Amino acid sequence: MEMVLTPINNRVQKNSQLPGALESYELNKMASIDLHNSGAPGLNELNKNKAKSSFIEANCVSVSISHLRDECITPVFTKCNSVTISHYDFIQAVTECVSDFYKGETVLSPEIRVSHKILGRIQEALNKPITELLPHEQTVFWERVAFCIEIPSITMNVGGNNLSLVVGGVRSFHNQNLYGKKTVERFKIFTGFINNVCTNTCVSTDGILLDVRVINLEELKPHIYRLLNSYNMSAHLKQMNDLEQLYLTQNQFCQLIGKSRLYQHLSKELKSGIPEMMFNDSQVNAMAKAYLDDENFKCNANGEINLWKLFNLYTGANKSSYIDSFLERSENAFSFTTGIAKAINGDSSYRWYF
């Protein structure tokens with residue numbers, strides 16, 4: 001028997017509108033809405049009070065920008081010895097663009113996560129035993145990096161959670177052929193919001209570029225500005241606000257969890273007609289557990305859960321993704337949850353999951 005999806009929103013009054021519009025950023029950078037906190041704390045206080053958990057946690061460690069600048073080598077394309085754009089230069093380029101674009105706002109230092117450490121040694125130490133290597137004789141660089149720059153003076157409240165604007169990027173050398181001649185280098189950049197309750201990252205389709213290909217930093221910066229300029233902040237926030245008004249029953253949530261696990265084993269032919277769900281079994285299991293016991297996003301006493309909380313179950317599970325798949329799943333979490341919202345409102349595209 002097909003389960004009928006109906007909105008369970010009669011208990012909640014929808015907001016009539018988002019906060020009123022303020023002046024646009026200079027040169028019409030974006031249609032801004034009133035997101036500014038009065039009396040925002042200073043940079044040092046904000047850095048001191050940031051949540052301990054990271055926006056991504058799986059198989060990665062936290063490093064400072066000075067570590068990337070002073071302690072890491074920069075890989076080259078081996079056939080021509082041309083230098084790559086370093087992780088440090090990538091992060092600095094984004095930081096400079098953000099500081100310029102949001103001039104006058106509070107911009108925090110980037111939170112940086114890295115994984116897949118690549119070790120080496122200088123020529124003079126090639127034949128030394130590992131135990132005898134001195135610190136200056138060892139080299140290191142990180143294959144993958146993800147970073148997030150928070151702008152806490154631009155905030156919004158959704159579902160009782162304070163969100164801050166963020167901009168960030170992802171880069172990995174694993175999809176770059178460093179054994180050939182110099183060619184275009186690939187980057188991912190994003191903007192959206194971070195949930196200060198749990199440090200979950202909320203991005204939408206227009207707030208993400210998944211395959212930026214450039215030769216140098218001069219080519220990269222226009223892509224960053226283009227993303228910041230095209231991101232529709234007010235539309236993104238409205239979509240997230242709307243999620244709070246729609247609910248799944250416990251039976252519907254259980255159907256969603258079961259079908260999400262089944263989806264992993266479908267043939268390519270069957271998957272082609274079903275909206276993509278990129279989360280793996282362990283992440284779906286984490287969502288089921290969080291549905292029952294997450295302090296901020298668990299179901300209510302009747303087993304119902306609104307789609308804002310469901311979205312945060314997805315973004316919370318996404319923190320266990322590796323760096324190279326993090327942004328794709330972040331976007332999928334949002335598009336999938338908004339797809340479920342359409343199903344509740346009568347759209348048939350996502351009904352397979354129920």
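Keep in mind that what you see is a predicted model, and the values were worked out from it rather than measured.
Criterion: ILVMFWY side-chain heavy atoms under 4.5 Å apart, direct or through other members. Under it, F311 and Y291 are part of a common hydrophobic cluster. Note on L228 and F90: same hydrophobic cluster, where clusters join Ile, Leu, Val, Met, Phe, Trp and Tyr whose side-chain heavy atoms are under 4.5 Å apart, directly or indirectly. Criterion: ILVMFWY side-chain heavy atoms under 4.5 Å apart, direct or through other members. Under it, I85 and V140 are not part of a common hydrophobic cluster. Residues V170 and I118 do not share a hydrophobic cluster, defined by chaining ILVMFWY side chains whose heavy atoms lie under 4.5 Å apart. Tracing side-chain contacts under 4.5 Å through hydrophobic residues (I, L, V, M, F, W, Y), one never reaches M278 starting from L307; they form parts of separate clusters.
A donor and an acceptor atom, one from each side chain of S321 and E328, are nowhere located under 3.5 Å apart. In summary, the side chains of N312 and N195 do present a donor paired with an acceptor at a separation below 3.5 Å, with no hydrogens or angles considered. T155 and N157 share no donor-acceptor pair across their side chains, judged by distance under 3.5 Å alone. A donor and an acceptor atom, one from each side chain of D100 and Y225, are located under 3.5 Å apart. For the residue pair E143/S115, the side-chain donor-acceptor check at 3.5 Å is not satisfied. No side-chain donor-acceptor contact under 3.5 Å links N175 and S172.
Considering every non-hydrogen atom in both D206 and S230, the closest pair reads OD2-O, 3.7 Å. Contact record, A343 with R351: O-NH2, 3.7 Å, taken as the closest heavy-atom pair. Among all heavy-atom pairs drawn from P110 and I149, the shortest one is CB-CG1, 3.8 Å. Here the closest heavy-atom approach between residue Y231 and residue L165 is recorded as CE2-CD1, 4.1 Å. Between L68 and I112, the closest heavy-atom pair is CD1-CG2, 4.0 Å. A pairwise comparison of heavy atoms in A125 and E137 identifies CB-CB, 3.7 Å as the closest pair.
Between the H87 side chain and the W142 main chain, a donor and an acceptor come within less than 3.5 Å of each other. A donor-acceptor pair under 3.5 Å links the side-chain atoms of Q252 to the main chain of T249, judged by distance alone. One N or O on the side chain of N280 and one on the backbone of S282 form a donor-acceptor pair closer than 3.5 Å. Distance alone, capped at 3.5 Å, places no donor-acceptor pair between the S153 side chain and the E105 backbone. At least one donor-acceptor pair under 3.5 Å links the side chain of N241 to the backbone N or O of L237. Remark: the backbone N or O of A146 is not paired with any side-chain donor or acceptor of E111 at under 3.5 angstrom. The backbone N or O of V166 sits less than 3.5 Å from a side-chain atom of T191, completing a donor-acceptor pair. Distance alone, capped at 3.5 Å, is enough to place a donor-acceptor pair between the T84 side chain and the P75 backbone. For the pair S320 (side chain) and A317 (backbone), a donor-acceptor distance under 3.5 Å is present. In this structure, the side chain of Q283 does not engage the main chain of F279 through any donor-acceptor pair within 3.5 Å.
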(Q) Between L163 and M240, is the side-chain contact (heavy atoms from CB on, under 4.5 Å) condition met? List the steps. (A) CA-CA 11 Å; L163 313 182; M240 291 191 289; 3.8 Å; yes

Q) Between S54 and R113, does a side-chain contact (heavy atoms from CB on, under 4.5 Å) hold up when you go through it step by step? A) CA-CA 9 Å; S54 175; R113 306 285 288 182; 3.3 Å; yes

Q) How far apart are the C-alpha atoms of F354 and K259, what are their side-chain angles, what is the distance that settles it, and do they pass the side-chain contact (heavy atoms from CB on, under 4.5 Å) test? A) CA-CA 7 Å; F354 299 95; K259 284 295 187 71; over 6 Å; no

Q: Could you walk me through whether N161 and F193 pass the side-chain contact (heavy atoms from CB on, under 4.5 Å) test, one step at a time?
A: CA-CA 11 Å; N161 305 145; F193 283 84; over 6 Å; no

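Across N200, N318, T201, a single residue satisfies side chain to side chain donor-acceptor pair (under 3.5 Å) together with S330, and that is N318. Considering V83, L178, N177 as possible partners of F77, the one that fulfils the side-chain contact (heavy atoms from CB on, under 4.5 Å) test is L178. Under the salt bridge (Lys or Arg N to Asp or Glu O under 4.0 Å) test applied with D324, the options R186, R144, R171, K188 reduce to a single match, R144. Checking each of Q245, K238, Q239 against D242 for a side chain to side chain donor-acceptor pair (under 3.5 Å) leaves exactly one that passes, namely K238.
With a 4.5 Å cut-off on side-chain heavy atoms, I323 and V145 do not count as touching. S234 has its side chain within reach of N232: a pair of non-hydrogen atoms, C-beta onward, lies under 4.5 Å apart. Counting heavy atoms from C-beta outward, N59 and H116 have side chains that approach closer than 4.5 Å. Side-chain atoms of F253 and L310, non-hydrogen and from C-beta on, do get closer than 4.5 Å to each other. Contact annotation: the side chain of Y353 approaches that of S260 to within less than 4.5 Å [non-hydrogen atoms, C-beta and beyond].
Considering CZ of R69 and OG1 of T74, their distance stands at 12.5 Å, rounded to 0.5 Å.
In summary, the aromatic rings of F336 and Y350 are positioned with their centroids under 6.0 Å apart.
Counting heavy atoms of neighbouring residues, nucleotides and ligands inside a 6.0 Å radius, atom NZ of K289 does not exceed 12 of them. Within 6.0 Å of CG on L126 lie more than 12 heavy atoms contributed by other residues, nucleotides or ligands.
We find that E124 and R121 are not joined by a salt bridge, their nearest charged nitrogen and carboxylate oxygen being 4.0 Å or further apart.
For the pair K271 and Y263, the cation-pi test (distance below 6.0 Å, angle within 45°) is passed.
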